[in-house]
There are 2 protein chains.
Amino acid sequence: MIGAASRDPGLNTPHFSTKQRILDSAETLFARHGFAGASLRQVTASANVNLAAVNYHFGSKENLVNEVFRRRLDSLNEERLAALATVLKQPKFTLEEVLGAFVRPALALSMADDGGAGFVRVLARAFAEHNERLRKFLHDNYSHVLKQFAAAFGQALPHLDKQELYWRLDIVSGALTYAMADFGVIKRRPGMSELQHRDLAAEHLIKFAAAGLKAG
Amino acid sequence: MIGAASRDPGLNTPHFSTKQRILDSAETLFARHGFAGASLRQVTASANVNLAAVNYHFGSKENLVNEVFRRRLDSLNEERLAALATVLKQPKFTLEEVLGAFVRPALALSMADDGGAGFVRVLARAFAEHNERLRKFLHDNYSHVLKQFAAAFGQALPHLDKQELYWRLDIVSGALTYAMADFGVIKRRPGMSELQHRDLAAEHLIKFAAAGLKAG
DNA sequence: CTAGAATTCAAACGCTCGTTCCATCGTCAT
DNA sequence: ATGACGATGGAACGAGCGTTTGAATTCTAG
């Protein structure tokens, strides 16, 4: 085994540690084969790491799944809340702005070159699977984000009663997650920069979702 | 050996055959735990059937998965195409009518009391999973349905170029699948019949999707 | 340099998986 | 009744699973 990462002198600068390599491989393989479908042997082989390293560093496979989520969701939700706070600072704000605060950070992640695209697929899988313990983990750690967005959506859509709002937000979040998960597949028009493509996609998604939320 | 072409009792067997019991249990368990997550031992135990019956009647687990889809999709797509044909008979037809032909049969299935609700969840899972062989099976058997709908959508949305149309249809089909998969969970308002609830839901979904498709 | 902690390693654990084998049962036509 | 055959039953196969172990190795602090 080749120690690709020799020790960093001075500061403990984060080189590519065993933990990170495991997380990267797990993310990719969970996106491709699902949580039950990807085995720890596949993960550790792909990460060039000993099988036992998973249980040493993460304790269990379920915990590894949780950490795959935590690594990305912590920063993603930070960005979402920061964007939402900026929107809410204005005396008046539009539905499209709230949607933008929700969509743009995730879209940026789905087009990142560091494997974030894979993670958005993992997220879509988590939506489809109704894994109880995973849902509990997500609720325990990130429900406050959804609550804040739901409140903002409620302000932007005062004519909808609460039940109708939740019902529509459910469709929208599912649609957005699915759309963003497939973003890696969608090819951008030639002669368009990645940033342009992303902004155009965000614009479409926001218009799409806004139209659905306002309809009726 | 292989029981694929066994005599079809069909007419004279009023009780539920082993094959059907396996399909029912598999559908429920695949919806709940995924294709990799649900084992044949769980399936056969739930169906009160010997473990070996799956491989006797279906050949393999993968084939069982395919047959779970075929059983529902054959009739679902028939209904969709029939509804679409009715819409296309008119000299002029609206986007909402085409969407209705796509949504209403699936919605009826998702609210059927014979386990169809479970199947719609299986469908949503198949969307999220990118299983190659399953996708090939679905494409081989049902791509003509999607083609006909895509053509109808193209006629109803002449201002969209082909690429833009496909891109939006992708979001819409994902959104609709997710929404319908969660229909079992959504509780209807008190004092509303199931039929009313379904029609209202269809109306919402169609408006939602139409608004998104037309936006921009 | 050295002791001790942290990490990696090969090997094995018990278990469940999909699949297969073969004996047995039930139901027909002969 | 008998033989043939589809269907079912119980038991086992090898493979792969997540997890654990204990020794070997690497890192780090004194």
Side-chain angles (χ1 to χ4, degrees), chain A residues 1-26 29-30 32-68 129 131 133-134 137, chain B residues 1-26 29-30 32-68 129 131 133-134 137:
Chain A
M1 37 251 45
I2 304 162
S6 60
R7 71 186 196 86
D8 257 299
L11 306 171
N12 50 353
T13 314
H15 58 292
F16 292 109
S17 66
T18 298
K19 264 176 111 158
Q20 283 170 355
R21 287 212 309 280
I22 291 175
L23 285 172
D24 288 338
S25 294
L29 289 167
F30 288 160
R32 191 147 28 192
H33 302 116
F35 307 113
S39 73
L40 292 187
R41 281 170 177 81
Q42 289 177 266
V43 169
T44 53
S46 159
N48 284 313
V49 149
N50 188 272
L51 168 63
V54 169
N55 284 275
Y56 177 78
H57 286 286
F58 298 95
S60 68
K61 182 180 184 178
E62 184 185 339
N63 238 313
L64 171 62
V65 173
N66 290 348
E67 291 308 312
V68 166
E129 307 201 5
N131 186 307
R133 290 190 286 206
L134 180 54
F137 171 83
Chain B
M1 315 295 181
I2 308 171
S6 66
R7 287 190 324 136
D8 185 20
L11 298 171
N12 52 359
T13 43
H15 71 56
F16 296 112
S17 68
T18 298
K19 264 176 110 159
Q20 282 169 357
R21 287 212 310 280
I22 291 175
L23 285 172
D24 287 339
S25 294
L29 290 167
F30 288 159
R32 190 146 28 190
H33 305 298
F35 307 113
S39 73
L40 293 186
R41 281 171 176 81
Q42 289 176 267
V43 169
T44 52
S46 160
N48 283 314
V49 149
N50 189 273
L51 167 63
V54 169
N55 284 276
Y56 178 77
H57 285 286
F58 297 95
S60 68
K61 182 180 184 179
E62 184 185 338
N63 238 313
L64 170 62
V65 172
N66 290 348
E67 292 307 313
V68 166
E129 306 202 6
N131 185 307
R133 290 190 285 208
L134 179 55
F137 171 83

Next on the checklist: According to side chain to side chain donor-acceptor pair (under 3.5 Å), who are the partners of Asp24(B), at least two apart in sequence or on a separate chain?
Outcome noted: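 Per chain and number, Asp24(B) pairs via side chain to side chain donor-acceptor pair (under 3.5 Å) with Arg71(B).
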Measure the distance from [atom1] on [X] to [atom2] on [N] and round it to the nearest whole Å.
X: Lys19(A); N: dT8(C); atom1: NZ; atom2: P; result: 11 Å
X: His33(A); N: dG16(D); atom1: NE2; atom2: P; result: 15 Å
X: Phe58(B); N: dA7(D); atom1: CZ; atom2: P; result: 12 Å
X: Asn63(A); N: dT20(D); atom1: CG; atom2: C1'; result: 17 Å

Item to check | Any pair counted as salt bridge (charged side-chain N to carboxylate O under 4.0 Å, His left out), so long as it reaches residues 57-67 of chain B, sequence neighbours left out | outcome: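 Found Glu62(B)-Arg133(B), Glu67(B)-Arg70(B).
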Next on the checklist: For a quick test of reading the model: is some side-chain N or O of His57(B) closer than 4.0 Å to OP1 or OP2 of dT8(D)?
Outcome noted: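 For His57(B), the contact criterion (side-chain N or O under 4.0 Å from OP1 or OP2 of dT8(D)) is met.
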Next on the checklist: Whether Thr18(A) contacts dT7(C) is assessed here as follows: a side-chain N or O lying under 4.0 Å from the phosphate OP1 or OP2. Is that the case?
Outcome noted: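 Checking Thr18(A) against dT7(C): no side-chain N or O falls below 4.0 Å of OP1 or OP2.
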Checklist entry - Who pairs with Leu51(A) by side-chain contact (heavy atoms from CB on, under 4.5 Å), at least two apart in sequence or on another chain? => result Leu40(A), Arg41(A), Thr44(A)
Item to check | Partner residues of Gln42(B) under the side-chain contact (heavy atoms from CB on, under 4.5 Å) criterion, sequence neighbours left out | outcome: Leu29(B), His33(B), Ser39(B)
Checklist entry - How would nucleotides 13-25 of chain C be written as a contact map, 5' to 3', with B for base contact, S for sugar-phosphate-only contact and - for no contact, using protein heavy atoms under 4.0 Å? => result ----BBBBB----
Next on the checklist: Determine whether Leu23(A) and Phe58(A) satisfy the following criterion, side-chain contact (heavy atoms from CB on, under 4.5 Å), listing intermediate values before the conclusion.
Outcome noted: CA-CA 10 Å; Leu23(A) 285 172; Phe58(A) 298 95; 3.8 Å; yes
Next on the checklist: For residues 51-60 of chain A, which residue pairs pass the side-chain hydrogen bond (donor to acceptor under 3.5 Å, both in side chains) check, not counting sequence neighbours?
Outcome noted: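 Sorted result for residues 51-60 of chain A: empty, none.
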